[in-house]
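Below is one structure, written out as structure tokens; comments come after it.
When reading the values below, keep in mind they use all heavy atoms of this one structure, side chains included, and skip hydrogens, waters and symmetry mates. Just follow the structure's listing: the first ligand is 1, and inside any ligand the first atom is 1. These numbers were taken from a predicted model, which means no experiment stands behind them.
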Amino acid sequence: MTAYDKICKCLDCVKKKIDFKPQIALVLGSGLGAFADEIEVAGTVDYSEIEGFPTSTVIGHKGRFVFGYVGKVPVVIMQGRVHYYEGYSMEDVVLPIRLMSMMGAKALFLTNASGGINPEFGAGDFMLINDHISSFVPNPLIGKNVEEMGTRFPDMSEVYKKDLREQIKAAAKELDIDLKEGVYVQLTGPSFESPAEIRMLRTLGADAVGMSTVCEAIAANHAGMKVCGISCVANLAAGMTNNPLTHDEVQECADKAAPLFKKLIGKSIENIAAVI
Ligand code: HPA
């Protein structure tokens with residue numbers, strides 16, 4: 001079965017459970033899933049109900065699509081994503097993104113929890129992603145090009161669209177949130193980085209590091225979706241403090257940041273819907 005056939009099969013499966021056309025797709029990262037519990041829900045579909053869908057194994061990731069409305073905006077939300085470090089192929093990791101594109105979503109809003117590399121960032125800060133570094137993970141477009149989705153050699157010069165970034169900045173301003181901005185780098189994980197790796201990543205121009213998002217942004221851009229993203233800086237990266245890193249710390253910080261994060265996402269989605 002080709003990658004495209006697999007996505008079509010998943011789409012058929014979802015369509016049998018719910019008839020809903022989202023305008024915006026949203027991926028909620030570690031500890032940030034609570035946003036989906038607050039929207040006006042039209043229906044949910046567990047990943048495990050979708051035949052051929054890679055199912056998430058990380059604690060703190062629920063693993064379902066939530067369909068509903070943020071204000072008047074129809075959205076599909078991934079409450080929990082699929083990570084490369086879980087052992088899935090990159091093709092499987094980005095399958096849900098392509099699926100949401102085929103559901104009709106024109107824009108993709110990515111969120112994650114990250115380690116802050118920029119010394120000006122603190123734990124609990126939000127960073128608007130303005131570009132990425134993908135060089136440390138396999139490109140999700142490797143293999144036979146999925147022609148139905150996009151072109152063989154897609155341009156990546158403005159993955160995180162300026163007009164969407166402007167809308168997120170406006171939302172932050174309105175909510176009086178000090179929104180940082182920077183470059184996100186994806187590594188495979190699941191181990192956290194070493195201090196030497198963090199120094200390397202800083203030299204390369206990264207402001208925050210994590211284990212997701214970039215591959216999804218590439219696949220979405222390939223499929224013609226308008227992409228934007230916010231990273232919640234859950235901790236200072238390895239070697240920047242004396243503390244060892246734990247997933248619990250990431251989770252705790254994300255939990256603390258959640259109320260403000262929810263407001264920022266909600267307002268941003270309404271702003272973005274008005275311009276796409
Ligand atoms: N490194 C990688 N991924 C992360 C981190 C980190 O420090 N914090 C949250 N996700």
Around [atom], find the nearest protein heavy atom and jot down its residue, atom name and distance.
atom                   : value
atom 5 (C) of ligand 1 : G115 N, 3.3 Å
atom 7 (O) of ligand 1 : N235 ND2, 3.0 Å
atom 1 (N) of ligand 1 : E193 OE1, 2.8 Å
atom 3 (N) of ligand 1 : G210 CA, 3.4 Å

As an exercise, identify every atom of ligand 1 less than 4.0 angstrom from a heavy atom of [X].
X    : answer
M211 : 2 (C), 3 (N)
L245 : 7 (O)
A113 : 9 (C), 10 (N)

Exercise: identify the closest heavy-atom pair between A206 and I117 =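 So the minimum-distance heavy-atom pair works out to O-CG2, 3.5 Å.
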* Polar atom proximity, V250 to ligand 1 (N or O, under 3.5 Å) ->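 The answer is no, given that V250 and ligand 1 share no N or O pair closer than 3.5 Å.
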request  = Begin from the C-alpha positions of E120 and N118 and carry the test side chain to side chain donor-acceptor pair (under 3.5 Å) through to its verdict.
outcome  = CA-CA 5 Å; E120 293 183 3; N118 185 322; 5.2 Å; no
Under 6.0 Å from the [atom1] atom of [X], do we count more than 12 heavy atoms belonging to anything else shown?
X    : atom1 : value
K256 : NZ    : no
K262 : NZ    : yes
E147 : CD    : yes
N243 : CG    : yes

Q) Which bit of A238 is near ligand 1, meaning a heavy atom under 4.0 Å away: side chain, backbone, both or neither? A)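 The answer is neither; A238 stays 4.0 Å or more away.
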Check: Where on L187 is there a heavy atom closer than 4.0 Å to ligand 1, on the side chain, on the backbone, on both, or on neither?
Finding: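 Near ligand 1, L187 shows nothing, with every heavy atom at 4.0 Å or more.
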Any sub-3.5 Å donor-acceptor pair from R98's side-chain atoms to A223's backbone N or O?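 Flag not set: sc R98 to bb A223 has no pair under 3.5 Å.
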